[in-house]
Amino acid sequence: MTSGFLNATLLICQFELKRLFTTRKGLLYLITFAIVWYFILLYPIRFSADLFEQNQNSTQGSNFFEFIGFGVLLNWQIPEFGVYWRFALVMFPLLCITIASDQSCSDRERGTLRFLSLRVSRDSLFFGRFAGTMAIQTLLILVTVLTTLMLAIYRDINLLPAALNSASAIAVNLILVLLPFTAMMAALSASVKSARQATVWAILIWSFLAGIISGLSYYLPALAILKILIPGYQMADLSQLAEWQTLELAYIPLLQSLVFLSIGRWIMSRQSL
C-alpha cells in the first residue's frame with residue numbers, strides 16, 4: 001500500500017464522518033437515533049437491570065430467568081450491560097444494513113462516483129467509504145456504551161472498574177460483529193443502483209443463504225461448515241457468552257469481512273461508473 005492510497009482512503013473516511021454532522025439527512029438520523037436510544041436506555045435497559053439486580057442473589061429469581069432463557073445475563077457483573085448486550089446484538093446489525101446501504105450506489109447513479117474516480121483510485125473509494133461507515137457505527141456504539149456505563153455508575157459508583165471492563169468488551173465485540181455486515185453492504189452497494197435495492201438484496205441474500213445452507217447441512221452434515229459464510233450466524237452463541245469470553249468467536253466476523261471485502265473490491269474494479 002502506498003502513502004497516496006492511505007491518504008486518499010483516510011480523506012474519504014473523514015468526508016463520510018463530516019457528512020454525518022453537516023448534512024440535513026445526517027443530522028436527522030442522529031436526532032432520531034438519540035431519541036430512540038434514550039427510550040431504550042430509560043425503560044427496557046434500566047427496568048430489566050433493576051429486575052436482575054433485585055433477583056440475581058435469589059435462587060427463585062435465578063431459576064425464573066433460566067426458565068425464560070435469560071439466565072446467561074446473570075453471568076454479567078453489571079446487569080445493565082447484560083441487558084444492553086442482548087439489545088445491541090439485534091439492534092446494531094439491523095441499523096448497519098440501513099446505514100451502510102448507500103456506500104457508492106447513489107454516487108454512481110448521480111455520476112459523482114465517476115468524477116471522484118478521476119482523482120482517487122477505485123480501491124480508495126471502496127475502502128474509504130467502508131472505513132467511514134465503520135467509523136460512524138463505532139461512534140454510535142461508543143455513545144450507547146458510555147451512556148449505559150453512566151447509568152450503571154449512577155446506581156453505584158463503586159461499579160466503575162467492573163463497568164469499564166464490561167464496556168470495553170462490548171464495544172470491541174460489537175465493532176467486530178458489524179464488520180461483515182458493513183462489508184456485505186459495501187459489496188452490494190458496488191453492484192446495484194440504489195440504497196433501497198442494496199437493502200432488499202441484503203435481506204434476501206441473508207435469508208436465502210441461511211435457509212439453503214441450513215437445508216443442505218440437514219442432509220449433508222459436513223456442509224454445516226458453510227454457515228460461517230452467513231453474517232451474524234454466531235449471534236446465538238455470542239448471546240450466551242459474557243465479558244471478554246465473547247472474543248472466542250472473533251475469527252468468524254474477521255474471516256467473513258475478508259471474503260465480502262474481496263468480493264466487493266472485485267465488483268468495484270469491474271463495475272461501470
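Bear in mind that the values here come from a model prediction, so they are computed numbers and not experimental data.
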Flag, side chain of [X] to backbone of [Y], donor-acceptor distance under 3.5 Å:
X: T246; Y: L241; answer: no
X: W85; Y: E243; answer: no
X: S191; Y: L188; answer: yes

Report summary line: Checking T144, I40, L41 against F87 for side-chain contact (heavy atoms from CB on, under 4.5 Å), the one that qualifies is I40
Distance, nearest 0.5 Å, that separates [atom1] of [X] from [atom2] of [Y]:
X: F127; Y: L6; atom1: CZ; atom2: CG; result: 11.5 Å
X: T23; Y: F21; atom1: OG1; atom2: CZ; result: 10.5 Å
X: D102; Y: R129; atom1: CG; atom2: CZ; result: 8.0 Å
X: F130; Y: S189; atom1: CZ; atom2: OG; result: 13.0 Å
X: I230; Y: M184; atom1: CD1; atom2: CE; result: 11.0 Å
X: I267; Y: S262; atom1: CD1; atom2: OG; result: 11.0 Å

Report task. Check step by step if side-chain contact (heavy atoms from CB on, under 4.5 Å) holds for R155 and I78. Result -> CA-CA 11 Å; R155 176 168 58 85; I78 311 295; 4.3 Å; yes
Query - Aromatic ring proximity, centroids under 6.0 angstrom, Y84 and W37 - result: yes
Measuring only between side-chain heavy atoms, which start at C-beta, is [X] closer than 4.5 Å to [Y]?
X: Q256; Y: I252; value: yes
X: F81; Y: V145; value: yes
X: W244; Y: N165; value: yes
X: V177; Y: P93; value: yes
X: D123; Y: F126; value: no
X: I35; Y: I31; value: yes
X: I99; Y: L140; value: yes
X: T199; Y: T98; value: no

**Report entry** Pair V259-I263, side-chain contact (heavy atoms from CB on, under 4.5 Å): steps then yes or no
**Finding:** CA-CA 6 Å; V259 171; I263 294 172; 4.0 Å; yes
Closest heavy-atom contact between [X] and [Y]?
X: T182; Y: C96; answer: OG1-SG, 3.2 Å
X: L249; Y: P253; answer: O-CD, 3.1 Å
X: A198; Y: M185; answer: O-CE, 3.6 Å
X: L149; Y: A163; answer: CD1-O, 3.9 Å
X: I12; Y: G128; answer: CG2-C, 3.7 Å
X: L178; Y: M134; answer: O-SD, 4.1 Å

Query raised in the report: Is the CH2 atom of W266 crowded by more than 12 outside heavy atoms at less than 6.0 Å?
Result: no
Query raised in the report: Heavy-atom count around R19 CZ within 6.0 Å, excluding the residue itself: above 12?
Result: yes
Can [Y] be reached from [X] by stepping across I, L, V, M, F, W or Y side chains whose heavy atoms are under 4.5 Å apart?
X: V90; Y: F33; value: no
X: L146; Y: L17; value: no
X: L261; Y: Y251; value: yes
X: I175; Y: L142; value: no
X: L164; Y: I157; value: yes

Query raised in the report: Cluster partners of Y154, using ILVMFWY side-chain heavy atoms under 4.5 angstrom, listed by chain and number?
Result: none
